[in-house]
K.L.:
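Handing you a structure now.
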Amino acid sequence: MTVTSEVETVQRVAESKSRPNQSWLTFKEYYVGPLVAFILFLCMWQVIPIIFSIPPFILPKPTDVLQATITDWAILSAAVRVTILESVIGFLLSAVIGISSSILLASSKIIERSLYPYAIVLQSIPVVAVAPIIVIWFGAGLNSIVVISFLIGFFPVISNTLMGLQSVDKQMNELFTIYRASRWQRMWRLRIPAALPYMMTGLKISCTLSIVGAIVGEYVAGIGGGNGGLGYAITVAAIQVKTPFLFACGMAAAILGICFYLLVSLCAKWFLANWHESAMKQEN
């Protein structure tokens with residue numbers, strides 16, 4: 001027993017010493033390259049306008065963008081909050097309606113063949129073409145912007161979820177047939193769990209598109225007399241030729257999309273961890 005405990009102690013000490021090295025190797029493998037590339041990109045961006053004497057209203061330097069962000073921080077932060085509200089509501093509608101519609105379509109081949117082509121048609125119509133109708137129906141402002149955000153983020157959810165519901169393992173399907181499972185038992189206990197990875201993929205795509213939809217919605221639907229989001233801020237900055245602030249708004253939209261994507265990815269990992277192969281392989 002004493003020898004065994006000593007061996008275990010030595011192993012723990014060796015593992016504790018190897019953890020910092022392993023962390024550094026992981027950091028070097030996954031993060032050093034992108035950080036170096038980002039720093040080089042910023043340096044080139046800073047130097048090129050200086051070398052070629054490009055004025056800030058044509059190509060602002062990173063320092064100009066930073067200065068515009070600090071100067072107009074109140075406007076930018078208010079616009080970001082409005083865009084977050086619009087995109088979150090649109091994304092939640094896309095998730096709930098998209099997943100529910102997919103389950104309905106997958107429950108019957110007749111319903112799928114009857115309704116799914118119209119979802120494809122809806123996706124193929126440019127939002128700008130239907131925006132005036134949306135404004136007439138829902139009014140200018142938040143309601144129309146949320147509807148446009150929903151329309152842009154809806155199709156990835158329904159298409160990926162439906163694909164997952166139709167990609168059930170054949171042997172598991174036969175097992176449920178042997179035990180005479182009902183249609184809804186097969187749906188809730190077999191098809192929906194099997195479709196979760198596809199569902200999460202659709203939600204990851206939809207969450208970023210919902211932000212794009214909210215910004216585009218402000219271009220075509222207006223703000224209805226209220227406080228505008230990033231789309232409105234970009235429009236005003238373009239009219240005033242405030243190019244550094246335009247870049248600041250674009251970067252804010254990009255950071256917002258990345259944060260939204262990471263949040264949905266974290267939720268997906270929580271749903272799939274410890275039972276699905278995709279999440280377990282990522283952890284390994």
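Treat the numbers as computed from the prediction; the structure is a model and nothing was measured. Starting from 1, each residue takes its place in the sequence as its number.
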K.L.:
How close do Ala194 and Pro197 get, counting heavy atoms only, and between which atoms?
P.N.:
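In this case the closest contact between Ala194 and Pro197 is O-CD, 3.4 Å.
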K.L.:
Quick check: does any side chain N or O of Thr83 sit under 3.5 Å from a backbone N or O of Gly229, one acting as donor and the other as acceptor?
P.N.:
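Absent.
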K.L.:
Please say yes or no: joined through hydrophobic side-chain contacts below 4.5 Å, possibly via intermediate residues, are Ile211 and Ile205 part of one cluster?
P.N.:
yes
K.L.:
Go through the steps to decide whether Ile84 and Leu256 satisfy the test side-chain contact (heavy atoms from CB on, under 4.5 Å), and finish with yes or no.
P.N.:
CA-CA 8 Å; Ile84 289 175; Leu256 185 59; 3.4 Å; yes
K.L.:
Does Gly139 offer a backbone N or O that forms a donor-acceptor pair with the side chain of Asn143 under 3.5 Å?
P.N.:
no
K.L.:
In Å, rounded to the nearest 0.5 Å, how long is the span from CG of Leu92 to CD1 of Ile97?
P.N.:
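Here the rounded value is 10.5 Å.
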K.L.:
So, taking the atom named CD1 in Ile120 and the one named CD1 in Ile125, what distance separates them when rounded to the nearest 0.5 Å?
P.N.:
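One gets 12.5 Å once the value is rounded to the nearest 0.5 Å.
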K.L.:
For Gln171, does the CD atom have more than 12 heavy-atom neighbours from other residues, nucleotides or ligands under 6.0 Å away?
P.N.:
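At most 12 heavy atoms, drawn from other residues, nucleotides or ligands, come within 6.0 Å of this atom.
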K.L.:
Is a side-chain N or O of Ser159 found less than 3.5 angstrom from the main chain of Pro156, in a donor-acceptor match?
P.N.:
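Yes, because the side chain of Ser159 sits within donor-acceptor range (under 3.5 Å) of the backbone of Pro156.
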K.L.:
Using a 6.0 Å cut-off, check whether atom CE of Met251 has over 12 heavy atoms from anything other than its own residue.
P.N.:
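Atom CE in Met251 is packed in, count exceeds 12.
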K.L.:
Does the side chain of Thr71 come under 3.5 Å of the side chain of Gln67 through a donor N or O and an acceptor N or O?
P.N.:
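Thr71 vs Gln67: donor-acceptor pair found between side chains.
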K.L.:
For residues Leu246 and Ile234, report the shortest heavy-atom separation together with the two atoms involved.
P.N.:
CD2-O, 3.3 Å
K.L.:
What verdict does the side-chain contact (heavy atoms from CB on, under 4.5 Å) test give for Phe154 and Leu209, after you've listed the backbone C-alpha separation in whole Å, the side-chain angles of each residue and the deciding distance to 0.1 Å?
P.N.:
CA-CA 9 Å; Phe154 171 72; Leu209 290 178; over 6 Å; no
K.L.:
Mind checking whether Phe38 and Trp45 have ring centres under 6.0 Å apart?
P.N.:
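So the answer is no for these two rings.
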K.L.:
Closest approach of Thr235 and Gly231, non-hydrogen atoms and distance?
P.N.:
OG1-O, 2.9 Å
K.L.:
Does atom CG of Leu40 have more than 12 heavy-atom neighbours from other groups under 6.0 Å away?
P.N.:
yes
K.L.:
Looking at Val82, Ile89, Val88, which hits side chain to side chain contact (heavy atoms under 4.5 Å, CB included) with Glu86?
P.N.:
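For Glu86, the side chain to side chain contact (heavy atoms under 4.5 Å, CB included) test succeeds with only one of Val82, Ile89, Val88, which is Val82.
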K.L.:
Just do the side-chain contact (heavy atoms from CB on, under 4.5 Å) check on Phe260 and Ser210 with the steps written out, would you?
P.N.:
CA-CA 10 Å; Phe260 209 174; Ser210 64; 3.7 Å; yes
K.L.:
Looking at every non-hydrogen atom in both residues, tell me the closest pair between Ala119 and Phe155 and how far apart they are.
P.N.:
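So the minimum-distance heavy-atom pair works out to O-CD1, 3.8 Å.
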K.L.:
Check whether any side-chain N or O of Arg191 sits under 3.5 Å from a backbone N or O of Ala106 as a donor-acceptor pair, and report yes or no.
P.N.:
yes
K.L.:
Looking at Ser149 and Ser94, what are the two nearest heavy atoms and their distance?
P.N.:
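That closest heavy-atom pairing would be O-OG, 4.2 Å.
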K.L.:
Consider only side-chain heavy atoms of I, L, V, M, F, W and Y, link residues closer than 4.5 Å, and tell whether Met200 and Tyr261 are in one cluster.
P.N.:
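No, no single cluster joins them.
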K.L.:
Going hydrophobic residue to hydrophobic residue with side-chain gaps under 4.5 angstrom, can you get from Trp137 over to Leu142?
P.N.:
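Same cluster: Trp137 reaches Leu142 through Ile, Leu, Val, Met, Phe, Trp or Tyr contacts under 4.5 Å.
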K.L.:
For a quick test of reading the model, state the closest non-hydrogen atom pair linking Val157 to Gly202 and the distance between them.
P.N.:
CG2-O, 3.9 Å
